[in-house]
Engineer: 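Submitted below is the structure of interest, expressed as structure tokens.
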Amino acid sequence: MAAMAARASQLITLGAVLVLALALADVDRCSGAQDYDFFFLVLQWPGAYCDTRQSCCYPRSGKPAADFGIHGLWPNRDDGSYPQDCNPDREFDPSKVSDLLGSLRAQWPTLACPANDGLRFWAHEWEKHGTCAEDVFNEHGYFQAALRLRAQLRVLDALRDAGVQPDGGYYSLAQVKDAIQQGTGFEPFVDCNRDESGNSQLYQLYFCVDAAGSRFIDCPVSPGGRPCGARIEFPAF
Ligand code: AMP
Ligand code: AMP
């Protein structure tokens, strides 16, 4: 009899543990538990986007400034994988970033053709990447964080201070990385594309940001991307 009672109490305890585990799993799912370890902030040199066989279109607001723009803020995992398209219920809503539109036009310019106002690019970035970081950012917070982080780096100043200019000249990959490390305190991954003649050129810079989306860190993993030659062109824009 005592053995049966003990067995019954064991089963009840087991049941309770199971119910609790299931409830916790559900809370995790609903609260969008963090499924990444850090972010890549990806900056883009517009001259290199445009100086390709595919070319580019300036946004309706006009030619963007000759400065690094934002491509995206991408949640990533330490093993190199990344989540994407995490919440189809959170479509991009421009009214939620109405106060940021001027800054987005200037610092996150679309260069896709046909010419447009940028909403498509921002919607793509939010829906593909931003919705995977809803534990730290709502839509407004996502765009605001990327703008703030970009402004903090002042990458073009770092390059200019070291004599690396967007003048169509060639620089060594080490020179580019060292200049940015000196000026910003962080060494980016450099992603190159090719101009119409096949020359390797400075296209994108990957910086790493902690999982809270608040400060730069040394990168836990390389993003891969296209290898640069030892000498890379810094095209004018
Ligand atoms: P990923 O999927 O970033 O988040 O974005 C890749 C897509 O963004 C590709 O279709 C690219 O062609 C596009 N893309 C990259 N840079 C820009 C840009 N400056 N303007 C518009 N589209 C871009
Ligand atoms: P790529 O072929 O490198 O231009 O990458 C195409 C698209 O894939 C990018 O625009 C991103 O949206 C996505 N992607 C590539 N690598 C990563 C990464 N490490 N983290 C998040 N998204 C990535």
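Being a predicted model, the structure only gives us computed values, none of them experimental. Only this structure's heavy atoms are used, side chains among them; waters, hydrogens and symmetry mates stay out.
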Engineer: Do Glu134 and Arg90 meet the salt-bridge criterion of a basic N to acidic O distance under 4.0 Å?
Structural biologist: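 Yes, Arg90 and Glu134 are salt-bridged.
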Engineer: Mind checking whether Tyr49 and Gln54 have side chains closer than 4.5 Å, heavy atoms only?
Structural biologist: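 Sidechains of Gln54 and Tyr49: in contact.
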Engineer: Between Leu156 and Trp45, which heavy-atom pair has the shortest distance, and what is it?
Structural biologist: CD1-CZ3, 4.1 Å
Engineer: Nearest 0.5 Å please: distance from the CG atom of Leu104 over to the CD1 atom of Ile70.
Structural biologist: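 The CG atom of Leu104 sits 7.5 Å away from the CD1 atom of Ile70.
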Engineer: Less than 2.5 Å separating the SG atoms of Cys192 and Cys228?
Structural biologist: yes
Engineer: Would you say the side chain of His71 lies within less than 4.5 Å of the side chain of Glu125, judging by non-hydrogen atoms?
Structural biologist: yes
Engineer: I'd like to know if the side chain of Gln34 and the backbone of Ala211 have a donor-acceptor N/O pair within less than 3.5 Å.
Structural biologist: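 Flag set: sc Gln34 to bb Ala211 pair under 3.5 Å.
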Engineer: Is there side-chain contact between Cys50 and Leu111, with heavy atoms separated by less than 4.5 Å?
Structural biologist: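 Yes; the side chains approach each other to less than 4.5 Å.
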Engineer: Using the ring centroid of each side chain, check whether Phe39 and Tyr206 are separated by less than 6.0 Å.
Structural biologist: no
Engineer: Do Arg148 and Gln144 meet the criterion of a side-chain donor-acceptor pair at a distance under 3.5 Å?
Structural biologist: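 Side-chain D/A pair, Arg148 to Gln144: absent.
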Engineer: Leu205, Phe38: one ILVMFWY side-chain cluster at the under-4.5 Å cut-off?
Structural biologist: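 Cluster IDs for Leu205 and Phe38 differ.
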Engineer: Please report the closest heavy-atom contact between Phe189 and Val221, naming both atoms and the distance.
Structural biologist: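 Looking at all heavy atoms of both residues, the closest pair is CE1-O, 3.7 Å.
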Engineer: Is the closest side-chain donor-acceptor distance between Arg150 and Gln107 under 3.5 Å?
Structural biologist: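 No, Gln107 and Arg150 have no side-chain donor paired with an acceptor closer than 3.5 Å.
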Engineer: Answer yes or no: does atom CG of Asp218 have more than 12 heavy-atom neighbours from other residues, nucleotides or ligands under 6.0 Å?
Structural biologist: no
Engineer: Quick one: NZ on Lys63 to OH on Tyr58, what's the gap to the nearest 0.5 Å?
Structural biologist: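 These two atoms lie 4.0 Å from each other.
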Engineer: Is there a path from Tyr170 to Val190 through hydrophobic residues (I, L, V, M, F, W, Y) whose side chains come within less than 4.5 Å of each other?
Structural biologist: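 No; tracing contacts between hydrophobic side chains, which count when under 4.5 Å, never links both residues.
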Engineer: Distance-only, no hydrogens or angles: does the Asn116 side chain make a donor-acceptor pair with backbone N or O of Pro114 under 3.5 Å?
Structural biologist: yes
Engineer: Does a sphere of radius 6.0 Å around CD in Gln84 hold more than 12 heavy atoms from other residues, nucleotides or ligands, not counting ones at 6.0 Å or beyond?
Structural biologist: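 Check passes, neighbour count above 12.
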Engineer: Given the side-chain rings of Trp74 and Tyr36, with only the six-membered ring counted for Trp, is the space between their centroids under 6.0 Å?
Structural biologist: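 Between Tyr36 and Trp74, which both carry aromatic rings, the centre distance is not below 6.0 Å.
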Engineer: Are the side chains of Asp51 and Gln201 in touch, meaning some heavy atoms are under 4.5 Å apart?
Structural biologist: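 In short, these two side chains touch, coming nearer than 4.5 Å.
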Engineer: Using 0.5 Å steps for rounding, measure from the CG atom of Asn76 to the SG atom of Cys219.
Structural biologist: 9.5 Å
Engineer: Between Phe207 and Phe186 (judged by ring centroids, cut-off 6.0 Å), do the two rings come close enough to count as a pair?
Structural biologist: no
Engineer: Take a 6.0 Å sphere around CZ of Arg120 and say whether it holds more than 12 heavy atoms from other residues, nucleotides or ligands.
Structural biologist: no
Engineer: Answer yes or no: is there a donor N or O on one side and an acceptor on the other, between the side chain of Trp108 and the main chain of Leu147, under 3.5 Å?
Structural biologist: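 Here the side-chain-to-backbone pair does not exist.
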Engineer: What residues, two or more places apart in sequence or in another chain, satisfy side chain to side chain contact (heavy atoms under 4.5 Å, CB included) together with Ser197?
Structural biologist: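 Counting only residues at least two positions away or on another chain, Ser197 forms a side chain to side chain contact (heavy atoms under 4.5 Å, CB included) with Asp195, Asn199.
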Engineer: Before giving the answer on side chain to side chain contact (heavy atoms under 4.5 Å, CB included), spell out for Arg194 and Ser200 the whole-Å C-alpha distance, their side-chain angles and the decisive distance to 0.1 Å.
Structural biologist: CA-CA 5 Å; Arg194 294 192 176 269; Ser200 180; 4.2 Å; yes
Engineer: Can you name the closest pair of heavy atoms from Ile180 and Ala158 and give their distance?
Structural biologist: CA-CB, 4.3 Å
Engineer: For the ring pair His129 and Tyr142, is the centre-to-centre distance below 6.0 Å?
Structural biologist: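 Ring centroids of His129 and Tyr142 are no less than 6.0 Å from each other.
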Engineer: When you compare the side chain of Ile217 with that of Val209, does any pair of heavy atoms fall below 4.5 Å?
Structural biologist: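 Result no, sub-4.5 Å side-chain heavy-atom pair not found.
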Engineer: If you draw the axis of the six-membered ring of Phe143, does the NZ or CZ of Lys96 fall within 45° of it and under 6.0 Å from the ring centre?
Structural biologist: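 Geometry flag: not set, cation outside 6.0 Å or 45°.
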Engineer: Side chains of Arg105 and Asp117, heavy atoms from C-beta outward: is any pair under 4.5 Å?
Structural biologist: no
Engineer: So, Glu139 side chain and Asp93 main chain: donor-acceptor pair closer than 3.5 Å or not?
Structural biologist: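 Indeed, once roles are kept as given, a pair shorter than 3.5 Å links the two residues.
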Engineer: What is the distance from atom OG of Ser98 to atom NE2 of His140, rounded to the nearest 0.5 Å?
Structural biologist: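 Rounded to the nearest 0.5 Å, the OG-NE2 separation comes to 7.5 Å.
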Engineer: Using a 4.5 Å cut-off on heavy atoms from C-beta on, say whether the side chain of Pro64 contacts that of Phe237.
Structural biologist: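 With C-beta onward as the side chain, the pair touches.
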Engineer: Mark yes when over 12 heavy atoms from residues, nucleotides or ligands other than Gln181 sit less than 6.0 Å from its CD; otherwise mark no.
Structural biologist: yes
Engineer: How many angstroms lie between CG in Leu159 and CG in Asp178, if you round to the nearest 0.5 Å?
Structural biologist: 11.0 Å
Engineer: Mind checking whether Trp126 and Phe121 sit in one hydrophobic cluster, side chains of I, L, V, M, F, W, Y counted as touching below 4.5 Å?
Structural biologist: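 Same hydrophobic cluster.
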Engineer: Quick one: closest heavy-atom pair of Leu149 and Phe216, and the distance?
Structural biologist: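 Leu149 and Phe216 have their closest heavy atoms at O-CZ, 3.5 Å.
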Engineer: His124 and Phe92: side chain to side chain contact (heavy atoms under 4.5 Å, CB included), yes or no, with the steps?
Structural biologist: CA-CA 8 Å; His124 170 82; Phe92 178 69; over 6 Å; no
Engineer: Are Phe40 and Tyr82 linked, directly or through intermediate hydrophobic residues, by side-chain heavy-atom contacts shorter than 4.5 Å (ILVMFWY only)?
Structural biologist: no
Engineer: Does the side chain of Leu43 come within less than 4.5 Å of Leu41's, by heavy atoms?
Structural biologist: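 Leu41 reaches Leu43 side chain to side chain.
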Engineer: Would you please name every residue forming a side chain to side chain contact (heavy atoms under 4.5 Å, CB included) with Ala212, sequence neighbours left out?
Structural biologist: Asp210, Ser214
Engineer: How many angstroms lie between atom CG of Asp37 and atom CG of Asp78, to the nearest 0.5 angstrom?
Structural biologist: 3.5 Å
Engineer: What are the two closest non-hydrogen atoms of Gln44 and Tyr203, and how far apart are they?
Structural biologist: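 The answer is NE2-OH, 3.2 Å.
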Engineer: So, for Ala179 and Ala162, which heavy atoms are closest and what is the spacing to 0.1 Å?
Structural biologist: CB-CB, 3.4 Å
Engineer: Determine yes or no for a side-chain-to-main-chain donor-acceptor pair under 3.5 angstrom, with Thr110 supplying the side chain and Pro59 the backbone.
Structural biologist: no
